[in-house]
J.: 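This structure is in structure tokens; I'll ask about it shortly.
Each chain gets a letter, A, B and so on, in the order the sequences are listed, and its residues count up from 1. Nothing here was measured: the structure is a model prediction, and the numbers come from that model.
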Number of protein chains: 2
Amino acid sequence: MLMQNNHAFDNAEKTLEALHAGQSLSSLFVSSAAESVAAGKAICWEGDKASHLFQVEEGVVRLHRIIGEGRRVITAFHFAGDLIGASLQNDFLFTAEAVTECKIRRISRKNFHEEVARSNALGPAYISLLCQEAAAAHEQMVLLSKKNAEERLCSFIVKLASRRSPQSRQGLLRVPMNRQDIADHLGLTIETVSRTITKLASRNIVVPEGRHDLRIVNLARLVQLSGDADDFSEDSCHRVNLH
Amino acid sequence: MLMQNNHAFDNAEKTLEALHAGQSLSSLFVSSAAESVAAGKAICWEGDKASHLFQVEEGVVRLHRIIGEGRRVITAFHFAGDLIGASLQNDFLFTAEAVTECKIRRISRKNFHEEVARSNALGPAYISLLCQEAAAAHEQMVLLSKKNAEERLCSFIVKLASRRSPQSRQGLLRVPMNRQDIADHLGLTIETVSRTITKLASRNIVVPEGRHDLRIVNLARLVQLSGDADDFSEDSCHRVNLH
DNA sequence: CGGTATCTTGAAGCTAGTCAATCTGCGTGG
DNA sequence: CCACGCAGATTGACTAGCTTCAAGATACCG
């Protein structure tokens, strides 16, 4: 259609740039040995000196902070190709844990900054990455500030679905994290996440298949319900397909 | 006091670094003419090409995004010395408006990046600034995710108070933004902000004096109530150190 | 000294949280 | 290979905290 939504464009651009940034920065990690991390194990801890950066080679990682007694906020999930710790200066501001069995590589912060300073391609890639993260953080702030449970869930699922994963066959979306992880990422409780999924299923929008897969029946509707679509009745769904 | 809270430390470090980063990057703006912006007027719009960066020379600026019908999120306030638009690549992801009468300076993005590339002091300052913003964004995500109205308000007031402004005489804190701005920044309604302030006043923690000043009677209590302090009446602070 | 925008206060409603019980997918071991 | 056990997920009943809607009060302006 003729209408194209700005944010759809933004996202497409961002994804491409992130890809490039990630790729060129990836070169810094190839020389280091891959480490295996079992599901649930920590990669680094909040408060520690951020002496290393990590790259996820395989698997899914969650970054979280704990405040007070038992309040956990998952600020982000990271997938294959993503860097962890790029936006840090002194200490880790989060704990990173493997959601699934992971393979990661690491590089020292000192080394990283030297290489970035040396190369004239890496600098912009690094900046670009930091800007991506900033944009993602803002998106999340909007979600946490103004969206209701259903909008949050739909936003989350759409974002997950738009990251083209290998085994995401026709309409079947792998959801590696458990309900508690999702809840802590969306600022909800596990019960509300569960109830919201049930409601979406009853409306035949997404249907859970086992604990870690969602069949996406009506992506267009999902995008509408995410609250990001500037509600064009029918055609707002293009955006996810393009790029 | 004898107890020093980690995050308090973090903040102190951050503030210093931000100061340095801001100072060195400030040099880029001195040559451009200062522009006056009346209270309430926009400086740039969400969706526009981000062709310029701005520096606030005087006054307070709010950055916001609108989603759906009338849902506004203020992602940040910027004060004298702060840069606006550093974390952007293509388009503005927010609208910037003057909260008070402002003086700002601008520089083209192209120019900015050329200068940063040329100088070897500016690069790190720029990176540092982006990391500050990332840290602030994470802080805000925690606030929006897990804090209740009172904790949000207290966090906000503490942060505002920790930025040593010129006319902040003994315990009197200038609050340039109105209640609606505060509400939209904290993910609350104006009524809840008002009620929460009333409650804090009745407990003699902060007392409003006019619409734009708060007398801070009990800062220590305010910090406790902000939920950032790991409420160590005595010892719960270990948790961050060990692991 | 009014007029108005801003803020405060009150009452009612609703969304998501809490607590508790039940169910189910999934891995394990017989 | 199937039965079992259990962590993780769902569902239900109830509650709390924030929002909404609607009056009033107050600060600040001309």
J.: Judged by atom type as modelled, is there a donor-acceptor pair below 3.5 Å linking the side chain of A/His78 to the main-chain atoms of A/Val61?
T.: no

J.: Grab the CG-C1' distance between B/Asp181 and C/dA5 for me, whole Å please.
T.: 14 Å

J.: Look up atom OG1 in B/Thr95 and atom NE2 in B/His64, then write down how far apart they are to the nearest 0.5 Å.
T.: 4.0 Å

J.: Any side-chain to backbone donor/acceptor pair from A/Lys146 onto B/Arg72? Under 3.5 Å, distance only.
T.: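 Yes, because the side chain of A/Lys146 sits within donor-acceptor range (under 3.5 Å) of the backbone of B/Arg72.
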
J.: Please round to 10 degrees the angle between the axis of the first five pairs and the axis of the last five pairs in the helix from C/dC1-D/dG30 to C/dG30-D/dC1.
T.: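 Result, rounded to 10 degrees: 40°.
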
J.: Measure the spacing between SG of B/Cys154 and NZ of B/Lys159 and express it to the nearest 0.5 Å.
T.: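 Between B/Cys154 SG and B/Lys159 NZ, I get 14.0 Å after rounding to 0.5 Å.
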
J.: How close or far is atom P of C/dA16 from atom CG of B/Asn148, stated in whole angstroms?
T.: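 These atoms are roughly 17 Å apart.
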
J.: Taking for each residue the nucleotide of DNA chain C bearing the nearest heavy atom, is the 5' side occupied by A/Ala149 or by A/Glu209?
T.: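 Whichever sits nearer the 5' end wins; that is A/Ala149.
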
J.: Please give me the minimum heavy-atom distance between A/Ala38 and A/Ala98, naming the atom from each residue.
T.: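 For A/Ala38 versus A/Ala98, the nearest heavy atoms are O-CB, 3.5 Å.
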
J.: Without placing hydrogens or testing angles, list every side-chain donor-acceptor pair under 3.5 Å for residues 194-201 of chain B, not counting sequence neighbours.
T.:
residue	atom	partner	partner atom	Å
B/Thr196	OG1	B/Thr192	O	2.6
B/Thr198	OG1	B/Ser194	O	2.9

J.: Quickly, which of B/Arg106, B/Lys103, B/Arg105 forms a salt bridge (charged side-chain N to carboxylate O under 4.0 Å, His left out) with B/Glu35? Name it, please.
T.: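 It is B/Arg106; the other options fail the test.
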
J.: Roughly, in whole Å, what's the span from CG in B/Leu144 to C1' in D/dC18?
T.: 15 Å

J.: Would you kindly give the CZ-to-P distance between A/Arg152 and C/dT15, to the nearest whole Å?
T.: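 Taking CZ of A/Arg152 and P of C/dT15, I get 14 Å after rounding.
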
J.: Using a 4.0 Å heavy-atom cut-off, write out nucleotides 4-12 of chain D from 5' to 3' as B (base contacted by protein), S (sugar-phosphate only) or - (no contact).
T.: ---BBSBBB

J.: Between C/dG17 atom C1' and B/Lys146 atom NZ, what is the distance in whole Å?
T.: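 In whole Å, C/dG17 C1' and B/Lys146 NZ are 11 Å from each other.
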
J.: Could you tell me whether a side-chain N or O of B/Thr100 sits under 3.5 Å from a main-chain N or O of B/Gly59, the two making a donor and an acceptor?
T.: no

J.: Can you tell me how far P of D/dG17 sits from CD of B/Glu151, to the nearest Å?
T.: 12 Å

